[in-house]
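Quick notes on the structure that follows.
In what follows, every chain begins at residue 1, and chains take the letters A, B, ... in the order their sequences are listed. Note that these values count all heavy atoms, side chains included, but never hydrogens, waters or copies made by symmetry.
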There are 2 protein chains.
Amino acid sequence: MVQNPKIVTLHPTLDCNHCRLHAICVAGNMTEEETKRLDEAIVHVNPLAQGEYLFHQGDRFESLYIIRSGSVKSFMTDADGIEQIVGFNFPGDLLGLDAIDEKYHTTSAVALQHSALCKLSWDDFNKLSQQCPHFHAQCLTSFSRELIHIHDMVMAMGQKGVEQKLAIFLLAISQRMKERGFSDKEFILSMSRSDIANFLGVAAETVSREFTQLQKEGVIQVDRRQVKIDCMDSLKSIAG
Amino acid sequence: MVQNPKIVTLHPTLDCNHCRLHAICVAGNMTEEETKRLDEAIVHVNPLAQGEYLFHQGDRFESLYIIRSGSVKSFMTDADGIEQIVGFNFPGDLLGLDAIDEKYHTTSAVALQHSALCKLSWDDFNKLSQQCPHFHAQCLTSFSRELIHIHDMVMAMGQKGVEQKLAIFLLAISQRMKERGFSDKEFILSMSRSDIANFLGVAAETVSREFTQLQKEGVIQVDRRQVKIDCMDSLKSIAG
DNA sequence: CGATTTGTTGACCGACGTCAACTACCGTGG
DNA sequence: CCACGGTAGTTGACGTCGGTCAACAAATCG
């Protein structure tokens, strides 16, 4: 499933100081002393294969996770078994925040591809955020960013047509690729059409149609999960 | 605009120890010493009239706010001037969290009725969360709860029909009323039909129609903003 | 009291969902 | 290596849910 190592894979490293996610991760912007403490608390769990769960909705809350490589989808399931993907997560992202309130996970997280993860127990997290001001600040930032992302998504879902939704989605992925040092013009989607459709609140067929539509308009080129953005400006103007 | 003081208004009190929001507020679950510190940091800003802004999208981030009485809507405006309400906020809710990352507000907050507020500067917030473990924990909880709320909303927007959306909305309001010690069966909506519509991502006329529909089905009684839930179970089964 | 805002209801229409057929790809085993 | 079945994605035909436009009613305000 790792379709293009050059683009998608980050080489896992052993400690936070040498991790190439430093700039994005909660572990960024910390003093050497703080980083050392974090390193001691972080556990490198076994990598997940595609389709494996990081945690299930309803699981007792024990730890937060940071993605080191790969990608993950977070989704919730309602009483009728209907699923809604609430986010796609990439290296550097902090997972499990939704479980803090109720002490059990309110979403499930499943690997979209082979993914490596860092685990940080809730106890250690609390100790660290008490003892390390920079870590505390970084966590709040991470939390805030999560809110912003989902607000953008709500805006898209509530007010935009399908073409706009898809443009917004592609731009969001593009942006995240860029932040992580990859091409923002050409990348491979790690999620299926139906994942995208579910995330955007539309039918999978509609996503298909809009992909080909955007291609016909010369804005992007698509071949299955490979995407190339030919005209970023057009895409942005469609996104509105 | 205060349509029914018995239901909507909370009497502002002077210090957190005697505030009746203790159970809900970030100020809850704290030691006496911690509460004292918080009290010193909290500023009781002038109450807002209906329609007044607490902050505007784009404003520099300086403070967080806690609602003491009344209610507030939070919304974002995109480049085209299209608005999307991302949440309704009630006494005890913490506002401004979305501004932590970028250091400016990414949403606007406007009072839906005469509302009293507590202000807590970002500096003081950081000091408090370093010095008061319980406050720190409460803030994270508050943050997490905010995420859960918006996840529920995304689920509704993405996967549900209009009748379901409205049922879910009413149940959410009902729940929040209950948490705050009011009737969960009978309450007054502080927001307009078009606010509800915008929040749910549908047309205002559609909200109107669904209200009358739910009334015809004998599930609720509606008279403008006054709502009475006659059959909570039916409402829940509609919400799915 | 008229003016304005807020909410309701009806008629019509279009964007998107559903159903179905088809194609391309992927992994497995012969 | 090919045969095969299963999954993912595309495309078309058709139906419908909810949006839009418009008229009206009710409440609020000056």
Integer-rounded Å distance: [N] [atom2] and [X] [atom1]:
X: A:K160; N: C:dA15; atom1: NZ; atom2: P; result: 17 Å
X: B:R193; N: D:dT28; atom1: CZ; atom2: P; result: 13 Å
X: B:L166; N: D:dG18; atom1: CG; atom2: P; result: 12 Å
X: A:N198; N: D:dA8; atom1: CG; atom2: P; result: 14 Å
X: A:K165; N: C:dA15; atom1: NZ; atom2: P; result: 15 Å
X: B:M191; N: C:dT6; atom1: CE; atom2: C1'; result: 15 Å
X: B:Q50; N: C:dT5; atom1: CD; atom2: P; result: 13 Å
X: B:L189; N: D:dA27; atom1: CG; atom2: P; result: 17 Å

Problem - Ring centers of A:F143, B:F143 separated by less than 6.0 Å - result: yes
Problem - Closest-nucleotide ordering on DNA chain C, the 5'-leading residue of A:R224 and A:G161 - result: A:G161
What closest approach, in Å, do [X] and [Y] show between heavy atoms, and which atom pair accounts for it?
X: A:Q226; Y: A:I188; answer: OE1-CG1, 3.5 Å
X: B:R145; Y: A:D101; answer: NE-OD2, 3.3 Å
X: B:N198; Y: B:Q84; answer: O-NE2, 3.1 Å

Practice task
Would you indicate, yes or no, if D:dA8 has its OP1 or OP2 atom less than 4.0 angstrom from a side-chain nitrogen or oxygen of A:R225?
Solution key: no
Completion exercise
Numerically ordered, the residues 199-221 of chain A set in heavy-atom contact under 4.0 Å with DNA chain D is A:E205, A:S208, A:R209, A:T212
Problem - Short N-O contact, B:R193 and B:D195, less than 4.0 angstrom - result: no
Completion exercise
Among the nucleotides C:dT6, C:dC16, D:dG9, whichever has the atom closest to the side chain of A:V162 is C:dC16
Handout entry: Donor-acceptor under 3.5 Å (B:Q159 side chain, B:A156 main chain)
Key = no
Exercise for the section: Please check if the side chain of A:E210 supplies one atom and the backbone of A:V207 the other of a donor-acceptor pair under 3.5 Å. Expected result: no
Kindly list each side-chain donor-acceptor pair under 3.5 angstrom involving residues 87-97 of chain A, sequence neighbours excluded, with atom names and distances?
| from | atom 1 | to | atom 2 | distance (Å) |
| --- | --- | --- | --- | --- |
| A:N89 | ND2 | A:S74 | OG | 2.9 |
| A:D93 | OD1 | A:R180 | NH2 | 3.0 |
| A:D93 | OD2 | A:F90 | N | 2.8 |

Exercise for the section: Using a cut-off of 6.0 Å, state whether more than 12 heavy atoms not belonging to B:K228 lie near its atom NZ. Expected result: yes
Handout entry: the helix from C:dC1-D:dG30 to C:dG30-D:dC1: angle between end helix axes, five pairs per end, rounded to 10 degrees
Key = 40°
